[in-house]
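Values below: every heavy atom of this structure, side chains too, minus hydrogens, waters and symmetry copies. Along the sequence shown, the residues carry numbers beginning at 1.
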Amino acid sequence: MKIYVTSNEIPEEAIKILSNLGDVKVNPTSGPPKREDLFAEIHDADAILCLLTEKIDGELLNNAGRLKVIANMAVGYDNIDLAEAMRRGIPVTNTPGVLTDTTADTAMALILSVARRIVEADRYVRDGKWTIPWSPMTMVGTDVHGKTLAIYGLGRIGEVLAKRARGFDMKIIYYSASRKPGLEVKYEMEYVSLEEALGRCDFFSIHVPLRPETRHSIGARELSLMKETAYLINTSRGQIVDQAALIEALGQHRIAGAGLDVFEEEPVPQSSPLLGMSNVVLLPHIGSGSKETRTSMAVMAAENIASALRGMRPANLVNRDVIQ
Ligand code: NAP
Ligand code: GLV
């Protein structure tokens, strides 16, 4: 069996599991493999452990004669053409759950950072601008406690963010594909329409997956519904927000700021106007970025491969109908 691993940064714990299954071939380059290398490697691979940076589409799968499983080391799987995998009977797996707390922590960190100007204030000190020992209005931000958080997509991460936010005494409203009456009681949350969530919130945090119906679901119209004092937080996928519209809204101070872990183009280009905005906190897609969580994700992906290669149903099968 050949198992192709697209990153040379996969924790040893996962590589060990894979080594017991067959020959593990790891992409030796830093960063994602070149498309032509991915083509060449997938040709005789029985399994692939890939990242969200790899586009797994029909063209690539046409060249994958022996592939028995695609294990994404991410909970989001918008980089994989599920229909094409399904057509070829290839199981696709993801890594749900193990990254939920860490990603919710990142969303909460962005809320606190933008509200209290943490990154800007750090730069202020380093740049030698702190000259008066204490003054009433230096680097003042806005409070988080008592404010309203809107959660767009109340799934695993959205729910844990609600729990975090309750700890900070925030009021919570949410919009999701379905209502969650039990969680409404547990976290004293109110279910509202997307428009109402945008209009009422002080912080709007995005946790829906990227799908055709969520792509650019936050555009110029939606941003215009937000208060001038409200912040947009995105730790889901950049393409859910129309980034050009967001830049315009931020530039014209139609919203107060943003905390962004994800972008339409990653890495975000150095020419992006976002880099020049002091009311925006930018992260390099590190929502699940703790050593513990990244190790758990890699191990989970490896275990999914182990199950598939042993002819068992992987625990985290995304295209559930692929296996009877
Ligand atoms: P999840 O449990 O599947 O939650 C997503 C929720 O979104 C679901 O509960 C679903 O609501 C809701 N939803 C789906 N389509 C919707 C729509 N059209 N309108 C309104 N709500 C909709 O997923 P998760 O584990 O929380 O992860 C969420 C996303 O976060 C992932 O897909 C991934 O893109 C992103 N992520 C990013 C990072 C990072 O590093 N920045 C890390 C982890 C995850 P219902 O339950 O009501 O059907
Ligand atoms: C990260 O973005 C993930 O989807 O796990």
Compare all side-chain heavy atoms of [X] with those of [Y] and state whether any distance is below 4.5 angstrom.
X	Y	answer
T6	P32	no
M73	I10	yes
E196	I173	no
P96	M300	yes
I15	V26	yes
N279	L250	yes
L149	K171	no
I132	T138	no

Residues that [X] engages under salt bridge (Lys or Arg N to Asp or Glu O under 4.0 Å), provided they are two or more places apart:
X	value
D81	none
D23	none
E84	R87, R88
E13	none

Counting N and O atoms only, with roles assigned by atom type, does the side chain of [X] sit under 3.5 Å from a partner on the main chain of [Y], one being a donor and the other an acceptor?
X	Y	answer
N319	I323	no
D127	K129	no
T214	R211	yes
R35	K55	yes
N304	A71	no
T95	A74	yes
R166	M170	yes
H207	Y152	no
S307	E303	yes
K147	D143	yes

For the [atom1] atom of [X] and the [atom2] atom of [Y], what is their distance to the nearest 0.5 Å?
X	Y	atom1	atom2	result
N27	E54	CG	CD	8.0 Å
Q239	I218	CD	CD1	14.0 Å
C50	E41	SG	CD	13.5 Å
L198	I255	CG	CD1	10.0 Å
E265	S272	CD	OG	9.0 Å
L112	R117	CG	CZ	15.5 Å

Stepwise side chain to side chain contact (heavy atoms under 4.5 Å, CB included) test for L283 and I286
CA-CA 7 Å; L283 299 180; I286 53 163; 4.0 Å; yes
Between I172 and E188, does the side chain to side chain contact (heavy atoms under 4.5 Å, CB included) criterion hold? Intermediate values first, please.
CA-CA 7 Å; I172 306 166; E188 294 177 49; over 6 Å; no
Can you confirm whether [X] is buried at [atom1], in the sense that more than 12 heavy atoms of other residues, nucleotides or ligands lie under 6.0 Å from that atom?
X	atom1	value
R116	CZ	no
K180	NZ	yes
K68	NZ	yes

Apply side chain to side chain contact (heavy atoms under 4.5 Å, CB included) to residues R215 and I240 and explain how you reach the verdict.
CA-CA 4 Å; R215 184 179 294 271; I240 291 160; over 6 Å; no
Contacts of type side chain to side chain donor-acceptor pair (under 3.5 Å), residue D169, not counting sequence neighbours:
none
Basic-acidic side-chain contact under 4.0 Å: [X], [Y]:
X	Y	result
R254	E228	no
K2	D46	no
R221	E195	yes
R164	D105	yes

Any side-chain donor-acceptor pair under 3.5 Å between [X] and [Y]?
X	Y	result
N94	N316	no
S236	N234	no
N79	N72	yes
T29	K34	no

Restricting to pairs with a member in residues 212-233, which pass ring-ring contact (aromatic ring centres under 6.0 Å, His included), not counting sequence neighbours?
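Non-adjacent pairs meeting ring-ring contact (aromatic ring centres under 6.0 Å, His included): F203-Y231.
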Show me the pairs that pass ring-ring contact (aromatic ring centres under 6.0 Å, His included) and involve residues 108-147, at least two apart or across chains.
none
Considering residues at least two apart in sequence or located in another chain, which fulfil the ring pair (Phe, Tyr, Trp, His ring centres under 6.0 Å) criterion with Y191?
Y174
Worked verdict on R66 versus D44 for salt bridge (Lys or Arg N to Asp or Glu O under 4.0 Å)
CA-CA 6 Å; R66 299 163 51 116; D44 58 350; over 6 Å; no
Residues that, via side-chain heavy atoms closer than 4.5 angstrom, fall in one hydrophobic cluster with [X]:
X	answer
L67	Y4, L38, F39, I42, I48, I56, L60, L61, I70, Y77, I80, L82, I90, V92, V318
V299	I17
L52	none

What side-chain hydrogen bond (donor to acceptor under 3.5 Å, both in side chains) pairs are there with at least one residue in residues 281-290, not counting sequence neighbours?
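Applying side-chain hydrogen bond (donor to acceptor under 3.5 Å, both in side chains) to every pair that reaches into residues 281-290, excluding sequence neighbours, yields E266-H285, S288-R294, S290-T293.
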Please report the closest heavy-atom contact between R200 and V192, naming both atoms and the distance.
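What the structure gives for the nearest pair is NH1-CG1, 3.8 Å.
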Show your working on side chain to side chain contact (heavy atoms under 4.5 Å, CB included) between V75 and L99 and close with a plain yes or no.
CA-CA 8 Å; V75 66; L99 44 59; 3.8 Å; yes
